[in-house]
Protein chains: 2
Amino acid sequence: MTGIVQTKRLLSYRMALLRLKKMGLKKAYSHTLSEETGVSAVLIRKDFSQCGIRGKRRGGYDVDYLLDELKKLFGREKEQNVVLVGLGNIGSALIKYEGYRQSNMNLVAAFDIDPAKRTRRYSVPVYSLENLREVADAFDVSVAILAVPEFSAQETAHYMVENGIRGILNFAPVLLKLPGHVLVNNINIMVEMERLMYHIGIREK
Amino acid sequence: MTGIVQTKRLLSYRMALLRLKKMGLKKAYSHTLSEETGVSAVLIRKDFSQCGIRGKRRGGYDVDYLLDELKKLFGREKEQNVVLVGLGNIGSALIKYEGYRQSNMNLVAAFDIDPAKRTRRYSVPVYSLENLREVADAFDVSVAILAVPEFSAQETAHYMVENGIRGILNFAPVLLKLPGHVLVNNINIMVEMERLMYHIGIREK
DNA sequence: TAATAAATGTGAAATTTGTAACAATAAAAT
DNA sequence: ATTTTATTGTTACAAATTTCACATTTATTA
Ligand SMILES: NC(=O)c1ccc[n+]([C@@H]2O[C@H](COP(=O)([O-])OP(=O)(O)OC[C@H]3O[C@@H](n4cnc5c(N)ncnc54)[C@H](O)[C@@H]3O)[C@@H](O)[C@H]2O)c1
Ligand SMILES: NC(=O)c1ccc[n+]([C@@H]2O[C@H](COP(=O)([O-])OP(=O)(O)OC[C@H]3O[C@@H](n4cnc5c(N)ncnc54)[C@H](O)[C@@H]3O)[C@@H](O)[C@H]2O)c1
């Protein structure tokens, strides 16, 4: 995968391919994938080429082969267990989400500081954060979703890292300050919303 | 703002500044903002410089001045009304979110195809999509959040655009095919999750 | 007041990312 | 069998983004 930093793009090809496969397609052309992902066809071919993924000239790419190759790049051999911290608005949406399996991951538990949230209403158990180490050890969890309020995000993240978490998908709109070995991926919904509104504004003029 | 495409970055400065201001800070240095946003200090200075925002050498930037300037760039004069389409897991998290105001926007209504979702439980009314045009006209709405299932996203988006929507924040993991004048910003939570897991995997080796 | 230190501001260089042009190949059509 | 067409693969180019080096300014200290 020399030279490509854009993991995101390859992952979006994979998603599109899964859709196409479900629709019964056996072959995919770079321009098909382009339509599905919004990435230019040339760039798609270049990405594949750089990853050592080859198609047939005029014959396109074989869908199963593509998915296999992408799986070699991204697919974790065993299913990856993840946990969710914070069962508020966003958290309870994520705990009910059913799409984890498709990405070969598995939500095994959630955690919340509020005892009232620790019900058996969900398909996975909800604990106090004190149990994180135990769960992380038992299920070999190193990745977590963080959906706690802004003001407690830093402290909570710190605690999580102390207890075995090395990767965080962070919904709180703050930059987490954590040891260098920890990887954070931020999702800032409001920034995305503002971006949208800004760019629409521009066009008005 | 010549030459900057990275609206996202400027918006993240703004968020950080609001936090710093709340904490009582009057001055901000590029390295302070760097710590808060993860963007390098030089780049921050360059961004500001290119936007015509000036600091004081050795004195840093005045927080209020910065916020004012950023408001000139991003701030819509009047509050922007937005709507939400799809009141499922994600949708009901977004309808309860309280942070819209901070970005000078206002969620005025939600829409769902399922009559059971059209309760008065929320602080904004929930309608059938048929009422979209009416609401959009009444509240001058041109931006919407789309949180319907993957399979109905395209059709729903199309309908929304026919009824006055020009900007969509899309949570469904598909590329929407819409007229050129419509702007879409995609949030793909599972791709972000996979990205995180992939990059953690790399480090293991 | 002079010296020092700490910040911003910026042109040039380096890096990264994306596009364009076109050669190579395979399938389809004639 | 030959020609045409559609598609991949690649090299060179262009654009954009980011970093580097350092000049400039201002505040602080001696
Ligand atoms: N809800 C949204 O639509 C939305 C939109 C954009 C950003 N966000 C961000 O996502 C994060 C979560 O938002 P939300 O609306 O779900 O918040 P919320 O207040 O509804 O939920 C937060 C949950 O975290 C729990 N919690 C608090 N401190 C904790 C701790 N130390 N350990 C474990 N659990 C703890 C609370 O009990 C609560 O259940 C926030 O940072 C918010 O800014 C949310
Ligand atoms: N829930 C998550 O954590 C999560 C995570 C990643 C991605 N997503 C994506 O976000 C989207 C929403 O997910 P969700 O879990 O909230 O789904 P959901 O099924 O819980 O909710 C979808 C809602 O949309 C409504 N709806 C369906 N068709 C409609 C139409 N034509 N017009 C108006 N409303 C309609 C349904 O009645 C339902 O209330 C999906 O595309 C999903 O893939 C969700």
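Below, read A as the first sequence line, B as the second, and so on, with proteins coming before strands; counting in each chain starts at 1.
Contact between the side-chain N/O atoms of Tyr61(B) and the OP1/OP2 oxygens of dG9(C) is found at a separation under 4.0 Å. The shortest distance between the side-chain N/O atoms of Arg45(B) and the OP1/OP2 oxygens of dT8(C) is below 4.0 Å. Distances shorter than 4.0 Å separate some side-chain N or O of Ser49(A) from OP1 or OP2 on dT10(D). At the phosphate of dG9(D), OP1 or OP2 sits under 4.0 Å from a side-chain N or O atom of Arg54(A).
Between His31(A) and Tyr29(A), the ring planes are parallel. Angles under 30° get that label, and only those over 60° would be called perpendicular. Relative orientation of the Tyr13(B) and Phe48(B) rings is perpendicular, given thresholds of 30° and 60° on the angle between their planes.
Rounded to an integer number of Å, the gap from CG of Asp47(A) to P of dT8(D) is 13 Å. In this structure, the CD atom of Gln6(B) is 19 Å from the P atom of dA15(D), given to the nearest Å. Regarding Arg58(B), its CZ atom lies at a distance of 7 Å from the P atom of dA7(C), rounded to whole Å. Straight-line distance from the CD1 atom of Ile44(B) to the C1' atom of dT10(C): 16 Å, rounded to whole Å. Following rounding to the nearest Å, Asp62(B) (CG) and dT8(C) (P) show an atom-to-atom distance of 13 Å. Distance CZ (Arg9(B)) to C1' (dT17(D)): 8 Å, rounded to an integer number of Å. Going from atom NE2 of His31(B) over to atom C1' of dT8(C) covers 11 Å, rounded to whole Å. Separating the CZ atom of Phe48(B) from the P atom of dA7(C) is a distance of 16 Å, rounded to the nearest angstrom.
Comparing Gly59(B) and Arg57(A) by the nucleotide of DNA chain D that holds the closest heavy atom to each, the one mapping nearer the 5' end is Arg57(A). Checking Gly60(A) against Leu43(B), the closest nucleotide of DNA chain D that is more toward the 5' end is the one next to Gly60(A).
Here the nucleotide nearest the side chain of Lys46(B), chosen from dT7(D), dA27(D), dG11(C), is dG11(C).
Glu194(A) places no side-chain N or O within 3.5 Å of a backbone atom of Leu11(B) that could act as its donor or acceptor partner.
Look at Glu162(B) and Arg133(B) and you find no salt bridge, because none of the NZ, NE, NH1 or NH2 atoms lies under 4.0 Å from a carboxylate O.
The CZ atom of Phe171(B) sits 4.0 Å away from atom CD1 of Ile187(B), with the distance rounded to the nearest 0.5 Å.
Here Gly55(A) lies in heavy-atom contact (under 4.0 Å) with sugar-phosphate atoms only.
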